[in-house]
2 protein chains.
Amino acid sequence: MQLSYTEENYLKALLKVSFDSGIEAVGTNELAISLFVKPATVNDMLKKLKEKGLVDYEKYGKITLSAEGKKIATYIIRKHRLWETFLYEKLEFSWDEVHDVAEQLEHIHSQKLVDKLDKFLDFPEFDPHGDPIPNRLGELKVQFKKTLSEVAVGGSCKMVAVKDNSSSFLQYVVQVGLGLNNEINVLSKQEYDAILVIEVNGLKSSVSQKFADNIFVVCHHCEVGKICPNTQCTFS
Amino acid sequence: MQLSYTEENYLKALLKVSFDSGIEAVGTNELAISLFVKPATVNDMLKKLKEKGLVDYEKYGKITLSAEGKKIATYIIRKHRLWETFLYEKLEFSWDEVHDVAEQLEHIHSQKLVDKLDKFLDFPEFDPHGDPIPNRLGELKVQFKKTLSEVAVGGSCKMVAVKDNSSSFLQYVVQVGLGLNNEINVLSKQEYDAILVIEVNGLKSSVSQKFADNIFVVCHHCEVGKICPNTQCTFS
DNA sequence: TAAATAAGTTAGGCTAATCTAACAAATTAA
DNA sequence: TTAATTTGTTAGATTAGCCTAACTTATTTA
């Protein structure tokens, strides 16, 4: 099925919104906000996508991706993350520059291109932001991660991904001396506004709750795709 | 100026048609055929492109690109040929597969991406079909080439490019044992239908006039960008 | 040079993706 | 449990890019 640029973006947004919220069913308004269009526009498109069997949706009900819709959305995510990896690894883009260009590249239609690119990059499992890259079959490595704001005071952890891919956030992360796989010690937390003092490579910084919500971390015992053996670990 | 996919294609087609015909001024019908749309559609778009100052055009007159239009069209050609080179050199696409994917990739908007890609490929001057790649300034290496059908019987030459980039033609070229920079001896030519017998690496083949029209060659004395010192050479 | 043919234009219509404004249903809160 | 608020839908309009059919201008040829 050859979808338009726009249709692909709706499917991708649906997957992204449900993933971010942790709830599979998505509302019209929510989707409209995510796509920077009006709810009426989403409504029109929903009819078309339902017609094509890509979403499950009844009037005034919640929206979910069909199996086929999810497969396509996952494939677009795969392309996006492969391109990000290419830009970062091969073309020396910085991690805050890759997202916008990948937003365009993800819509190139060529199965062969995707497979060849995957091979060229040596079948990477994670992109420059720490997000898992679905393989040819749509499977991806799951990490049992939590956000920095969930880490207890006095605890330490390792940053494995970022939630927000915007360049402004990523530049801020770099400014704090933080990068993928860096150790973070949580020194203190303000009761009133949840401001955290963290230490990275000996550098202390104060960061907001919002910042901490967008940093994904694992404890030192966690392993990718496995239940953590550390009984202290709150991941599951 | 941010142009749509379609507007970019019109500018590119304009440059291509005028280049292929050797005449700068292009007609509405000609352009319509090249873009696989109807003349009426071209007419609408021409008004828009004129409005934007990208073409020079008066009612019932011929169409030419403005300086700005030509600059943009050249930039799209640059992107197309860089991507073809990438696909061929880095991702192991065959030369008959690169064109269609590059048709999509040429519309990605990112100056940085183009410059980085150029550097990654070590600033190539020719693409996999032997066509020159415009540099950052829009300059390109000019070759004084002619077509295989212009070579005299008994003469020999070197293939430097193909005119037709379609996969069906390119597969045929490979089948005849021919590739870029191969030597060709023209053994005989049929008076009646201009069928040529050629020899490539010891392999003899009969090819049509149409085939020979789509193969670009140089004589052994020709050098890129220079007037050929061989007085027998008919290039100029 | 007048008729035939080719090339180019205009008018009006279609679809995809968007919008605004008005309305309807569902949810939340008083 | 009714009223207020939020969420979702419909109707009608707009723009880009395309079409067909009818027309006009330019060019070719008898």
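Throughout, a chain's letter reflects where its sequence line sits, starting with A, and its residues are numbered from 1. Every heavy atom of this structure was used, including side-chain atoms; hydrogens, water molecules and symmetry mates were not.
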For atom [atom1] of [X] and atom [atom2] of [N], their distance in whole Å:
| X | N | atom1 | atom2 | answer |
| --- | --- | --- | --- | --- |
| B:L46 | D:dA16 | CG | P | 16 Å |
| A:K52 | C:dA16 | NZ | C1' | 10 Å |
| B:F36 | D:dC18 | CZ | P | 13 Å |
| B:D44 | C:dA11 | CG | P | 11 Å |
| A:E30 | D:dG8 | CD | C1' | 13 Å |
| B:E8 | D:dA16 | CD | C1' | 15 Å |
| A:N29 | D:dT5 | CG | P | 17 Å |
| B:E51 | D:dA16 | CD | P | 11 Å |

Ignoring backbone atoms, establish whether [X] has a side-chain N or O less than 4.0 Å from OP1 or OP2 of [N].
| X | N | answer |
| --- | --- | --- |
| A:Y57 | D:dT9 | yes |
| B:K38 | D:dA21 | no |
| A:K47 | D:dT10 | yes |
| A:N43 | D:dG8 | no |
| A:T6 | C:dA16 | no |
| A:K59 | D:dT10 | yes |

Pairing of [X] and [Y] as salt bridge, 4.0 angstrom limit:
| X | Y | value |
| --- | --- | --- |
| B:D115 | B:K79 | no |
| A:K163 | A:D20 | no |
| B:E58 | B:K50 | yes |

Exercise. Counting any heavy atom closer than 4.0 Å, what does B:Y10 reach on the DNA or RNA strands: base, sugar-phosphate only, or nothing?
Worked result: sugar-phosphate
Exercise. Looking for any heavy atom pair under 4.0 Å, which part of the strands does B:T41 touch: base, sugar-phosphate only, or nothing?
Worked result: base
For this session: Applying ring-ring contact (aromatic ring centres under 6.0 Å, His included), run through B:F86 and B:F93 and close with a yes or a no.
Result: CA-CA 9 Å; B:F86 169 72; B:F93 273 61; 8.7 Å; no
Seminar exercise, completed: The residue, A:S4 or A:A40, whose nearest nucleotide of DNA chain C is more 5′ is A:S4
Exercise. Do the side chain of B:T41 and the main chain of B:V37 share a donor and acceptor less than 3.5 angstrom apart?
Worked result: no
Exercise. With respect to the side chain of A:Y60, which nucleotide from C:dT20, C:dT18, C:dA24 is positioned closest?
Worked result: C:dA24
Seminar exercise, completed: Closest to the side chain of A:P39, out of D:dT9, C:dT10, D:dC18, is D:dT9
